[in-house]
Amino acid sequence: MTDKREWQNWAIGRIEADFNRSADTHLIPLPVPSLPDIAIYLKDESSHPTGSLKHRLARSLFLYGLCNGWIHRNTAIVEASSGSTAVSEAYFARMLGLRFIAVVPHTTAKAKIDAISFHGGECHFVDQPCEIYDAAQALADELGGHYIDQFTFAERATDWRSNNNIAESIFAQMAREPHPVPNWIVCGAGTGGTSATIGRYARYNRFATRVCVADPQGSVFHRHWADRSVERVDHPSGCIEGIGRQRVEPSFLPDVVDRMEVVPDACSIAAAHEVSERLGRRCGGSTGTNVWACAKIAADMADRGMSGSIVSILCDDGARYSDTIFDNDWLAECGLDILPQKKKIAHFFDTGTFAAG
Ligand SMILES: *Cc1c(COP(=O)(O)O)cnc(C)c1O
């Protein structure tokens, strides 16, 4: 056996041992007492060791890179990331003794940059979000490193049929609920990897579950879903970190998405505040986007006299956003008045009716 293979065997063993020490994430109910026949649940991905759903992705990307023979003993790992993916990848890079550099927009929340350094990663800043891809490839070329490229590889690095992917875990945890097969699973799209995994898994297992992607108003994804010729938008995709893009990422698979809900940023933030109060702990902005779409779907179902369940994702912890979406001065600087939306979403939880607008 070559020395290369020996190191790769060791590296894969380290990642598998880490997985073996980990517990699955919880599926927590989000009660809406006025809708007793519709159950909403959140898959709590904030409880991973690196605090977000990107922990799953980072693990898959490292295993994919190792098993493809792309990552070796001294390979510097470079990523284009608006934050969360880089935090999780820094964790795995350190575990394997590899240098890790995240290429991030300079607007990234400070708490995320601190989290990247906490896990031993470095940051390379660019001005515009759209520059991260080319900058990451250039940096990897310059260092003789590997651009791990979440946006290209998210959908194929994840085992969509099994390996306790997020979908398999959700369906297993729903087994003893009153409506074990969710009518809808609602998620956001950043890479598009989560929606791809859930959509493929539901089809493979012939579940009636449909997939809804909750997309920020500025994002290209819902425009592309409606008209496949739309590949990018020129305006910024909004301020909800982790989701909404200016270009259609290669890992976004529109054919497995059954519905898109467009959610303005003020609504996402209002819903993040509301769900944080209801759960007694802070959740990130993209969780708010999901919850806004869940409210709309639940109210639609109730209108039509349906019963059933809706599962969505608590993507990350709100502690990362204490100086952005949970900071009143920051909201005022961005010109975001979330009060009217906060009233609407609170009204939904109180009455089960929703005037999403
Ligand atoms: C990446 C991310 C998402 C979206 O997940 P994808 O699988 O990349 O589409 C949602 N919320 C947060 C906080 C994220 O970091």
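Remember, it's 1-based here, ligands and their atoms both numbered in the order they're listed. One is the number of the first residue; the rest follow in order along the sequence. Since the model is a prediction, treat every value here as computed from it, not as a measurement.
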Peer 1: Is Tyr321 in polar range of ligand 1, meaning some N or O pair under 3.5 Å apart?
Peer 2: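 So ligand 1 has no N or O lying under 3.5 Å from an N or O of Tyr321.
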
Peer 1: Using distance alone, determine whether Ser286 and ligand 1 share an N or O pair under 3.5 Å.
Peer 2: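 N/O-N/O distance below 3.5 Å exists for this pair.
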
Peer 1: If we ignore angles and hydrogens, is there a donor and acceptor under 3.5 Å between the side chains of Ser169 and Asp24?
Peer 2: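 Indeed, the side chains of Ser169 and Asp24 share at least one donor-acceptor pair under 3.5 Å.
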
Peer 1: Out of Leu314, Thr194, Val213, whose heavy atom sits nearest atom 7 (O) of ligand 1?
Peer 2: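 Among Leu314, Thr194, Val213, the closest heavy atom to atom 7 (O) of ligand 1 belongs to Thr194.
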
Peer 1: Return yes or no for this condition: an N or O of Ile243 is under 3.5 Å from an N or O of ligand 1.
Peer 2: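 Min N/O separation from ligand 1 is not below 3.5 Å for Ile243.
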
Peer 1: Is there a nitrogen or oxygen of Gly190 sitting under 3.5 Å from a nitrogen or oxygen of ligand 1?
Peer 2: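 Checking ligand 1 against Gly190, an N or O pair does fall under 3.5 Å apart.
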
Peer 1: To which protein heavy atom is atom 2 (C) of ligand 1 closest, and what is the distance rounded to 0.1 Å?
Peer 2: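 Of every protein heavy atom, Lys54 NZ, 2.4 Å lies nearest to atom 2 (C) of ligand 1.
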
Peer 1: Within a reach of under 6.0 Å around NE2 of His26, are more than 12 heavy atoms found that belong to other residues, nucleotides or ligands?
Peer 2: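 Count not over threshold, so no.
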
Peer 1: Hey, does the side chain of Thr287 reach the backbone of Cys315 with a donor-acceptor pair shorter than 3.5 angstrom?
Peer 2: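 Yes.
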
Peer 1: Which ligand 1 atoms are under 4.0 Å away from a heavy-atom of Thr191?
Peer 2: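 Near Thr191, the atoms of ligand 1 are 6 (P), 7 (O), 8 (O), 9 (O).
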
Peer 1: For ligand 1, is there an atom lying under 4.0 Å from some heavy atom of Ser52?
Peer 2: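 Ser52 does not count as a contact of ligand 1 under the 4.0 Å cut-off.
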
Peer 1: If the threshold is 4.0 Å, N to carboxylate O, is there a salt bridge linking Asp227 and Arg223?
Peer 2: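 Looking at Arg223 together with Asp227, the answer is no, because their closest N to O distance does not fall below 4.0 Å.
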
Peer 1: Nearest 0.5 angstrom please: Trp184 CH2 to Arg210 CZ, how far?
Peer 2: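 CZ of Arg210 is found 4.0 Å from CH2 of Trp184.
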
Peer 1: Would you find a donor on one side and an acceptor on the other, under 3.5 Å apart, between the side chain of His146 and the backbone of Val78?
Peer 2: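 Side chain of His146 to backbone of Val78, a donor-acceptor pair under 3.5 Å: no, none is there.
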
Peer 1: Per the side chain to side chain donor-acceptor pair (under 3.5 Å) rule, which among His55, Glu79, Gln150 passes with Thr85?
Peer 2: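 Considering His55, Glu79, Gln150, a side chain to side chain donor-acceptor pair (under 3.5 Å) with Thr85 is found only for Gln150.
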
Peer 1: I'd like to check which ligand 1 atoms, numbered from 1 as shown, lie under 4.0 Å from a non-hydrogen atom of Gly188.
Peer 2: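 Contacts of ligand 1 toward Gly188, numbered from 1: 9 (O).
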
